[in-house]
There are 2 protein chains.
Amino acid sequence: MGTTQLESVPEPKYWHLKTVIGEALDSDFAVGEILPNERDLAARFGVARATLRQALEQLELEGRLQRRRGVGTTVAPPRVGVDVSTTEHAWPGSAQDSWQSVDCTQAVPPVAVARFLDTGADEETYVVRRLRVSHGQPVAAELLYVPAASVAELSAIDTPSGPARARAVLRELQRRELDGQDRAVELGSARADDAKELDRLPGAPVLMVTTRYFSAGRTAALSVATYRADTCRLTFGDSGDVEIRHHGEERRAS
Amino acid sequence: MGTTQLESVPEPKYWHLKTVIGEALDSDFAVGEILPNERDLAARFGVARATLRQALEQLELEGRLQRRRGVGTTVAPPRVGVDVSTTEHAWPGSAQDSWQSVDCTQAVPPVAVARFLDTGADEETYVVRRLRVSHGQPVAAELLYVPAASVAELSAIDTPSGPARARAVLRELQRRELDGQDRAVELGSARADDAKELDRLPGAPVLMVTTRYFSAGRTAALSVATYRADTCRLTFGDSGDVEIRHHGEERRAS
DNA sequence: CAGTGGTCTAGACCACAAG
DNA sequence: TTGTGGTCTAGACCACTGA
């Protein structure tokens, strides 16, 4: 026989599927439109449902699809740019920073957190819970760890619990001098409580932004914020308002 | 009957598995150690292999495991901090920025890229291919789009092809005044060629860092860099050298 | 070669949302 | 109640690595 072997390294079916569906999204579907259900799609492409789902998962990871149990799969809007620039040198909670305080408790932080704060291993800190909303949708959930030493003037007795207490802690923090901050971004999966706040399933991919706030030679606070990776694009600088269209050009309803 | 229903909302098996294995990693395994193979693990936990794999995928996403076909599953080292701070206001390729130029071609960029460059839709640009290595491992692959107008003095005739040409383009770029830059981070999946450079499978999760370089009121260059999401933690500021241990404390060999 | 992870199938049942 | 996506099973074969 001839040795004309065109595809010696066949690409996986789900990878090819992802490409085909991705192109179809660009040409045949409008944002918000509902796709056929997974069983139909699998039958249409002649693959098992699990294989079809592998392709959809990739597209969801890239922010092109949105899947909701009991509802269906829809075409996702472009990712929203969320400004996380560190240039402004401000404490959390300053000047309407688009976060809303939800709660405030006292607890001993995880060891990974305690390592950054100059506290003892079993020392309690304030834990402020905040939520960030953008365009009406929750995009991030944050845990802000504040050692008692950073808000020494705060009296636990006269501050009520809940959001008011959170605001009191932030207000006290803002009275200090902010020497600098420090930011890191990495991929993670949503903890159960974060997932609930973000209207996602536990384990959903998130971008974890860790920020250290320095004051008087110490780490005065540490923020761990989890952003929805499917809907968010983190921006550093002034590009937050620029429209980015990643996949193809125009779209039309079918 | 009594209404004592302890677990009305049972968590998924793979989620529970992930927790159990994650704790075992902290207590019973050392970095680099090889786990039992998937079939053994699945049997040991009494679940199907697919379910076990779902748990391992999550742990790999969080950077705690590394899986290699034909080899096995190993405990991953802590993520390496990679500095991507934008404060230094420098062109790409300046002052040993830990990137190495691989190649340089000319091609019409994707529409999503062309939109940022002030070029025509079908206009060719230089496309510089670079690779970033850290601790001996490739951590990022970059495509740098440079419109011909940004390196006007460059003559295509007297520049050789390959890495030398890439360096020539960068050198020419650095002669211009850099007005500012602009950075965004989002989740993506690795294209086939990027995956190959990063020693990953196509579709692997990556952190996509898009940088715009401004000069003379225009976008003089646009960089799209894909960082391995499993092994990298992007840092903005001076925290790149700080050890971050996210999961548990000490570890011991078993 | 044997052993590993990667892909794929054809089912089943469950949790959830909406009519 | 119906239909959706989410979970799970018990197999099979393939691609790759290293001895």
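Chain letters run A, B, ... following the sequence lines, proteins first and then strands; every chain starts at 1.
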* Quick check: are there more than 12 heavy atoms from other residues, nucleotides or ligands sitting under 6.0 Å from CG of Asp40(A)? -> yes

* To do: Calculate the interatomic distance between Leu52(B) atom CG and dT7(D) atom P; express it in whole Å.
  => 16 Å

* Structure fact -> Scanning both residues in full, the closest heavy-atom pair of Leu143(A) with Arg129(A) reads CD2-CD, 3.4 Å

* Asked: Taking the side chain of Tyr14(B) as heavy atoms from C-beta outward, which of dC8(C), dC8(D), dT9(C) is closest to it?
  -> dC8(D)

* Structure fact -> note: Leu201(A), atom CG; dC14(C), atom P; distance rounded to Å ~ 19 Å

* State, to the nearest 10°, the angle formed by the axis through the first five base pairs of the helix from dC1(C)-dG18(D) to dA18(C)-dT1(D) and the axis through its last five. => 20°

* Does the pair Arg183(A) and Thr211(A) meet the rule for a side-chain hydrogen bond (donor to acceptor under 3.5 Å, both in side chains), with working shown? -> CA-CA 5 Å; Arg183(A) 201 152 280 187; Thr211(A) 309; 2.9 Å; yes

* Should the pair Arg200(B)-Asp194(B) be classified as a salt bridge under the 4.0 Å nitrogen-to-oxygen rule? -> no

* Selected nucleotide, minimal atom distance to Gln54(B) side chain, candidates dT7(C), dC8(D), dG6(D) -> dC8(D)

* Structure fact -> Arg200(B) CZ to dA15(D) P, in whole Å, measures 20 Å

* Would you please name every residue forming a side chain to side chain contact (heavy atoms under 4.5 Å, CB included) with Pro163(B), sequence neighbours left out? => Arg167(B)

* Is the backbone of Ala43(B) close enough, under 3.5 Å, to the side chain of Arg49(B) for a donor and an acceptor to pair up by distance? -> no

* Structure fact -> From CG of Leu41(A) across to P of dG3(D) the rounded distance in Å is 17 Å

* Does a side-chain N or O from Thr51(A) land closer than 4.0 Å to OP1 or OP2 of dT9(C), or not? -> yes

* Side-chain N or O of Arg67(A) less than 4.0 angstrom from OP1 or OP2 on dT4(D)? -> no

* State whether a side-chain donor-acceptor pair under 3.5 Å links Ser189(B) with Glu62(A). => yes

* Asked: So, is Thr73(A) close to the dT4(D) phosphate, meaning a side-chain N or O under 4.0 Å from OP1 or OP2?
  -> no

* Structure fact -> Of the candidates dT9(D), dT7(C), dC13(C), the side chain of Arg39(A) sits closest to dC13(C)

* Tell me: CG of Leu35(B) to C1' of dT4(C), nearest whole Å? -> 13 Å

* Asked: Can you check the Ile34(B) CD1 to dG3(C) P distance for me, whole Å?
  -> 15 Å

* Heavy-atom count around Asp193(B) CG within 6.0 Å, excluding the residue itself: above 12? -> yes

* Structure fact -> Against the side chain of Pro12(B), the closest entry in dC8(D), dT7(C), dT9(D) is dC8(D)

* Taking only the side-chain nitrogens and oxygens of Asn37(A), find out if one of them lies under 4.0 Å from OP1 or OP2 of dT4(D). => yes

Between the protein and nucleotides 17-19 of chain D, list the N/O to N/O atom pairs that are separated by less than 3.5 angstrom.
none

* Spacing between Arg53(A) atom CZ and dT7(D) atom P, to the nearest angstrom -> 7 Å

* Structure fact -> Rounded to whole Å, CD of Glu11(B) lies from C1' of dC14(C) at a distance of 16 Å

* Parallel, tilted or perpendicular, as decided by the 30° and 60° cut-offs, for the rings of Phe236(A) and Phe236(B) -> parallel

* Would you say Val127(B) and Gln106(B) make side-chain contact, with heavy atoms under 4.5 Å? -> no

